[in-house]
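Data block below; observations after.
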Amino acid sequence: MRAVELIKPFTCEVRDVATPVATSGVVVVNVQRVGLCGTDVEFFRGEMPYLLDGHAKFPMRLGHEWTGTVSKIGEGVDPRWLGQRVTGDTMLGCGTCRRCRSGHQHVCENRKEVGVRGNFPGALGEELSVPATSLHALPENVDAALGALVEPGANAFRAVEGAALKVDERLLIAGPGTIGLLAGLIARSRGIEVHLAGITSSSIDFAASLGFAGVWHLEDLPALEWDAVIDATSDATLPSTALDLVEPGGRVVYIGISAEKSEIDSRSLTLKDVTAVGILSGSTALDETIALFASGRVDPRPLIAATVGFGDVASVLAGERPSHAGPGPKIHVDPQI
Ligand SMILES: [Zn+2]
Ligand SMILES: [Zn+2]
């Protein structure tokens, strides 16, 4: 089959590789759509922390936001999965340790992550093999594009849950990238007053086009009370700024990760009686996100700027925008293009 292999930093090649096999407990999926995200860009640039601590090494196959159809099943897999349209959990815990048994497999010490960690091949191939236990069925009205937005959507869903706001309370989201925008759409569907803040005029303009209550430049925020602040940026100063901005008694949610160490002053946290929440992965919210997309109450498809073929992955990861791209932050890949 054809697959995109990341050979070394800045070098991606479309190659013919061995077709995955459905071993015991495993299914093979025909991949229909794959989302590219910031994590993939970090790998492409050779900057992803897992490359430094040994959890990942080149060559690797990226792709952890995907939709496909189950084409083969291994021994012991429920035959009802055959032909089912699915997406899957990126996080593959060992299944036996204390964290896995208590529902925290996404932070299992020995986990693999599809297309990310433990050299588990990702979805940037015509076919993908994953454990049947990681599958999540997609209803008919969640199309290929929506299905590939479930993984980032579930991350955003958990960030909104972390903010724990009620109807008409006010949320500030720093960082109008895919996660920030998804969190904004999800929070708005709950009746929360959503504001976004960014730096670049193109991302601010795009966020404004989605009709949020307010979209601001980070340096030019209005003097409003923020009941919760979500940091969806990769700026090392934002965690501390979020804590400064949030109302006493409120919540800060940290989902962005900066390349350098970022710090907060725990005295502010205490003296303002603020709750801080960290979010890694959408694992525990995948089904709720699928249901939300299926309900039509949140439609994130305007975030997709373009859908390209395998041959364009390298240039997209290098930061080029396809010539036909719309203004959204997300690029999708279709193996059939
Ligand atoms: Zn991602
Ligand atoms: Zn485990």
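First listed ligand is number 1; within each ligand, the first listed atom is number 1.
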Report task. Check which protein N, O or S atoms are less than 2.8 Å from the Zn ion (ligand 1) and report how many there are. Result -> 3
Query raised in the report: Does Ala285 have any side-chain contact (heavy atoms from CB on, under 4.5 Å) partners at least two apart in sequence or in another chain, and if so, which?
Result: Ala154, Phe157, Arg158, Glu288, Thr289
Requested in this report: Give a yes or no on whether a salt bridge exists between Glu263 and Lys261, defined as a side-chain N under 4.0 angstrom from a carboxylate O.
Outcome: yes
Requested in this report: Inspect the contact between Glu5 and Arg61 and indicate whether a charged nitrogen and a carboxylate oxygen are less than 4.0 angstrom apart.
Outcome: yes
Query - His136 side chain to Asp89 side chain, donor-acceptor N/O pair below 3.5 angstrom - result: no
**Report entry** Side-chain H-bond candidate by donor/acceptor type, Glu113 with Tyr50, under 3.5 Å
**Finding:** yes
Query raised in the report: Judged by atom type as modelled, is there a donor-acceptor pair below 3.5 Å linking the side chain of Gln105 to the main-chain atoms of Gly93?
Result: yes
Query - Donor-acceptor contact present, side-chain Lys72 to main-chain Val27, <3.5 Å - result: no
Query raised in the report: Can you pull the side-chain hydrogen bond (donor to acceptor under 3.5 Å, both in side chains) pairs that have at least one residue in residues 160-178, sequence neighbours excluded?
Result: Glu161-Arg190, Arg170-Glu193
Report task. At a cut-off of 2.8 Å, list the protein N/O/S atoms near the Zn ion (ligand 2), residue plus atom name. Result -> Cys94 SG, Cys97 SG, Cys100 SG, Cys108 SG
Query raised in the report: Parallel, tilted or perpendicular: which describes the rings of His195 and Trp226, with under 30° parallel and over 60° perpendicular?
Result: perpendicular
